[in-house]
**Student:** 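Sharing a structure below in structure tokens format, with a few things to ask.
Treat the numbers as computed from the prediction; the structure is a model and nothing was measured. Computed over heavy atoms, backbone and side chain alike; hydrogens, waters and symmetry mates excluded. Naming: A, B, ... by sequence-line order, numbering from 1 per chain.
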There are 2 protein chains.
Amino acid sequence: MREPDISIAECSYRRALEIVSNKWTALVIYALEDGTSRYGTIKSRIADISQKMLTQTLKQLERDGLVVRKVTPVVPPAVEYALTPLGMTLLPFLRMLKEWSSAHYASVSEAREAYYAEHQDQDASHG
Amino acid sequence: MREPDISIAECSYRRALEIVSNKWTALVIYALEDGTSRYGTIKSRIADISQKMLTQTLKQLERDGLVVRKVTPVVPPAVEYALTPLGMTLLPFLRMLKEWSSAHYASVSEAREAYYAEHQDQDASHG
DNA sequence: CTGTATCCTATGAGATACTG
DNA sequence: CAGTATCTCATAGGATACAG
């Protein structure tokens with residue numbers, strides 16, 4: 001039998017969901033997949049992320065022990081980021097989502113098209 | 001070599017991330033793991049989800065072809081929801097996140113405590 | 001180069017009341 | 001029972017300007 005209430009029983013699961021549940025976290029982790037990168041490198045890899053969001057996401061990841069920040073005191077400052085071992089444990093999960101998207105996202109798009117074809121008078125906001 | 005820009009090259013990946021990137025979607029899918037459920041049953045399983053959010057999430061999932069909605073025209077109305085085959089393909093992914101949270105979430109909590117212990121004068125907003 | 005600080009808007013999400 | 005509609009607030013996130 002399963003627990004009747006996933007909201008209480010699976011608390012850590014929900015906390016884990018919070019880590020992934022924002023626009024940039026997964027992307028930043030993914031950008032660090034290959035190893036240490038500098039701030040600017042990460043930024044150029046994700047391109048349309050703003051400074052604010054990159055800094056904020058990096059801070060959260062550092063706070064959560066998923067990323068480590070290393071400052072080299074030179075001028076101009078050089079800051080490098082890398083996944084911690086803990087952060088790396090998320091990689092298989094992210095790769096799995098990536099595989100899922102390659103394999104199935106077209107189906108989601110099709111479903112959406114079909115849905116909007118039927119409901120076009122009610123909601124057509126889907127570029 | 002990898003693509004230089006995950007924002008453009010991995011578009012479907014980002015779209016897939018949008019599916020998981022909200023507070024309730026994963027939980028609702030998870031609540032349907034065992035099979036068909038009625039609206040009220042799902043609601044009681046997730047407990048602290050509001051009617052609005054449950055309805056909205058269910059609609060999105062239906063639109064994306066991940067969940068199917070079946071209405072039995074009786075009074076009072078009976079509405080059943082179930083994962084589609086496509087929706088079920090997300091299950092392994094969600095289970096993996098659940099396993100990750102069981103295995104590693106304590107480490108995240110510890111990291112946070114340590115972080116706040118060092119930065120307590122700057123930010124202490126962490127229950 | 002690596003950030004901070006501020007302003008602003010859109011969206012997420014809860015509360016409440018109402019309906020077939 | 002299974003929603004819809006509306007109000008409201010908090011947060012996410014983008015733009016821009018500034019700083020060490």
**Student:** Polar atoms only, N or O, under 3.5 Å: list the protein pairs with nucleotides 18-20 of chain D and their distances.
**Tutor:**
none

**Student:** Among all residues two or more places apart in sequence or in another chain, which pass the ring pair (Phe, Tyr, Trp, His ring centres under 6.0 Å) test with F93(B)?
**Tutor:**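 If we apply the ring pair (Phe, Tyr, Trp, His ring centres under 6.0 Å) test to F93(B), skipping adjacent residues, the hits are F93(A).
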**Student:** Specify the residues of residues 64-71 of chain B, ordered by number, for which at least one heavy atom lies under 4.0 angstrom from an atom of DNA chain C.
**Tutor:**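 Per residue number, the list is empty: none.
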**Student:** Keeping the roles fixed (side chain from S37(B), backbone from I42(B)), state whether a donor-acceptor pair exists under 3.5 Å.
**Tutor:**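 The answer is no, because no donor-acceptor pair under 3.5 Å joins these two groups.
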**Student:** Select from T55(A) and R38(A) the residue whose nearest nucleotide in DNA chain C is closer to the 5' end of that strand.
**Tutor:**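 The 5'-side residue here is R38(A).
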**Student:** Ignoring hydrogens and geometry, is there a side-chain-to-backbone donor-acceptor pair from S102(A) to K98(A) under 3.5 Å?
**Tutor:**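 Yes; at least one donor-acceptor contact below 3.5 Å.
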**Student:** Taking the side chain as C-beta and beyond, is there a heavy-atom pair between V108(A) and R15(B) under 4.5 Å?
**Tutor:**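 A side-chain contact under 4.5 Å is absent here.
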**Student:** Do D48(A) and K23(A) sit within salt-bridge range, that is, some charged N less than 4.0 Å from a carboxylate O?
**Tutor:**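 Looking at K23(A) together with D48(A), the answer is no, because their closest N to O distance does not fall below 4.0 Å.
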**Student:** Polar-atom pairs under 3.5 Å, protein N or O versus N or O of nucleotides 11-14 of chain D: list them with distances, or write none.
**Tutor:**
residue	atom	partner	partner atom	Å
dG13(D)	OP1	K23(A)	N	3.0
dG13(D)	N7	K52(A)	NZ	3.0
dG13(D)	O6	K52(A)	NZ	3.2
dG14(D)	OP1	K23(A)	NZ	3.0
dG14(D)	OP2	W24(A)	NE1	3.2
dG14(D)	O6	K52(A)	NZ	2.4

**Student:** Would a single hydrophobic cluster contain both V79(B) and V75(B), if residues Ile, Leu, Val, Met, Phe, Trp and Tyr are joined by side-chain heavy-atom contacts under 4.5 Å?
**Tutor:**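 Shared cluster, no.
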**Student:** Restricting to ring pair (Phe, Tyr, Trp, His ring centres under 6.0 Å), what partner residues turn up for Y81(B), sequence neighbours left out?
**Tutor:**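 None.
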**Student:** Can you list the residues that meet the side chain to side chain donor-acceptor pair (under 3.5 Å) rule with T89(B), with sequence neighbours excluded?
**Tutor:**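 For T89(B), the residues satisfying side chain to side chain donor-acceptor pair (under 3.5 Å) (neighbours in sequence not counted) are W100(A).
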**Student:** Please name all residues satisfying side-chain contact (heavy atoms from CB on, under 4.5 Å) with A114(A), sequence neighbours left out, ordered by chain then number.
**Tutor:**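 None.
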**Student:** In degrees rounded to 10°, what angle is found between the helical axes fit to the five outermost pairs at each end of the helix from dC1(C)-dG20(D) to dG20(C)-dC1(D)?
**Tutor:**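 That helix gives 50° between its end axes.
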**Student:** Could you check whether K59(A) gets within reach of a base, just the sugar-phosphate, or nothing at all, counting any heavy atom under 4.0 Å?
**Tutor:**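 Sugar-phosphate contact only - K59(A) comes under 4.0 Å of backbone atoms but never of a base.
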**Student:** Who are the side-chain contact (heavy atoms from CB on, under 4.5 Å) partners of Q51(B), not counting sequence neighbours?
**Tutor:**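 With neighbours one apart ignored, the set is Y39(B), K43(B).
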**Student:** Side chains of I19(A) and L66(A): does their closest heavy-atom pair fall under 4.5 Å?
**Tutor:**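 Yes, at least one pair of side-chain atoms sits under 4.5 Å.
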**Student:** Looking at the rings of Y13(A) and Y105(B), which for Trp means the six-membered one, are their centres under 6.0 Å apart?
**Tutor:**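 No, too far apart.
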**Student:** Show every salt bridge (Lys or Arg N to Asp or Glu O under 4.0 Å) that has at least one partner inside residues 73-95 of chain B, sequence neighbours left out.
**Tutor:**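 Salt bridge (Lys or Arg N to Asp or Glu O under 4.0 Å) check on residues 73-95 of chain B returns E33(B)-R95(B).
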**Student:** Show every salt bridge (Lys or Arg N to Asp or Glu O under 4.0 Å) that has at least one partner inside residues 52-64 of chain A, sequence neighbours left out.
**Tutor:**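 Checked against salt bridge (Lys or Arg N to Asp or Glu O under 4.0 Å) - neighbours excluded - the pairs reaching residues 52-64 of chain A are D64(A)-R112(B).
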**Student:** Could you tell me from which nucleotide to which nucleotide of DNA chain C, 5' to 3', there is an atom under 4.0 Å from chain B heavy atoms?
**Tutor:**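 First and last nucleotides in contact are dA13(C) to dG20(C).
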**Student:** If hydrophobic clusters are built from ILVMFWY residues whose side chains come within less than 4.5 Å, do L17(B) and L91(B) share one?
**Tutor:**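 They do share one cluster, since a chain of ILVMFWY contacts under 4.5 Å joins L17(B) to L91(B).
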